[in-house]
Amino acid sequence: MVGDLIKSFEQELSNKYFKFVVLFFTGSLLLIIFKGVVYQPYIYNELPKIPYWFLNGTESINAIIFAGTTFIMIKKIKIKKLRFILFLSPLVFDVYLIHDNNYMRSLIWEKIFDNKNHFNSSFLLFRSLLEPLVVFSICILLAFFRGQISSFIAKMKKVSLPQISASDKQTM
C-alpha cells in the first residue's frame, strides 16, 4: 500500500514536496535514536509508555514513515555504476532470506548476540551499529559462496549429462 502511494506520487514527492520528505525522515530517525538511547533504557522508570503501534516493531507508524522516506531519498540519489554496488546488489535479497527467517533470527539476536541482556549497556549504540554490519557481512559471504556453489553445480550438470535425442525420447 505504501509502495503504491509512493509510486503514484513519485514526481511530487521527489521534487515539489521533497523538503517534507526530508523533514519526516529526520523526525522519524530522531524517534528511532530516542527510543534506542533514551527511552528504551528508562522504559520502566520515569518515562510514560509510548503506544506500541506508534514506535515499536516493524509494523509501527514510525517504521513505515522511516522506510518510505528512506526509499524516496535513496531513489533521488544518482549512483554511478560502481563495481562494489554491482557486486552487492544481487546478493542483498539472499541476505534478507538468510537472516530474517524464524530460526536464524532467534539464533542471531537471542543466542549469539544476546540482545535482551544488553538494553542497559553503555555500549548499546555501538552494538546497534556493529552487530548488523557483522550479520550483513557474514550473510553476504554466505550468499556469495552459495552462488558460486550453485554455478559450479550447474556447470557440472551441463558437462556430465548426456544429450538425449528426439528418437531416444520417443522410446521412453
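In this chain, numbering begins with 1 at the start of the sequence shown.
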Student: If you take all heavy atoms of T70 and F25, which pair is closest and at what distance?
Tutor: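 What the structure gives for the nearest pair is OG1-CE1, 3.2 Å.
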Student: With side chains defined as the heavy atoms from C-beta onward, is the minimum distance between V22 and K19 less than 4.5 Å?
Tutor: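 No, side chains not in contact.
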Student: Might you point out which heavy atoms bring F66 and S28 nearest each other, and give the distance in Å?
Tutor: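 Distance-wise, the nearest heavy atoms are CB-OG, 3.0 Å.
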Student: Rounded to the nearest 0.5 Å, what separation is found between the CZ atom of F24 and the OG1 atom of T69?
Tutor: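 Answer rounded to 0.5 Å: 9.0 Å.
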Student: Indicate every side-chain donor-acceptor pair of residues 133-152 with a distance under 3.5 Å to a residue at least two apart or in another chain.
Tutor:
| from | atom 1 | to | atom 2 | distance (Å) |
| --- | --- | --- | --- | --- |
| S137 | OG | L133 | O | 2.8 |
| R146 | NE | D94 | OD2 | 3.4 |
| R146 | NH1 | S150 | OG | 3.4 |
| R146 | NH2 | D94 | OD2 | 2.7 |
| S150 | OG | R146 | O | 3.0 |
| S151 | OG | G147 | O | 2.7 |
| S151 | OG | Q148 | O | 3.3 |

Student: Any chance OH of Y96 has more than 12 other-residue heavy atoms, nucleotides or ligands included, within less than 6.0 Å?
Tutor: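 Atom OH in Y96 is not packed in, count stays at 12 or less.
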Student: Mind checking what makes side-chain contact (heavy atoms from CB on, under 4.5 Å) contact with L97, not counting sequence neighbours?
Tutor: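 Applying side-chain contact (heavy atoms from CB on, under 4.5 Å) to L97 gives F93.
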Student: If you look at every heavy atom in I108 and H99, which pair is closest and at what distance?
Tutor: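 Nearest heavy atoms, I108 then H99: CD1-CB, 4.1 Å.
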Student: Going by salt bridge (Lys or Arg N to Asp or Glu O under 4.0 Å), name the residues that satisfy it together with E110, two or more places apart in sequence or in a different chain.
Tutor: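 Per chain and number, E110 pairs via salt bridge (Lys or Arg N to Asp or Glu O under 4.0 Å) with no residue.
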Student: Might you confirm whether atom CZ of F113 has over 12 heavy atoms from other residues, nucleotides or ligands at distances under 6.0 Å?
Tutor: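 Atom CZ in F113 is packed in, count exceeds 12.
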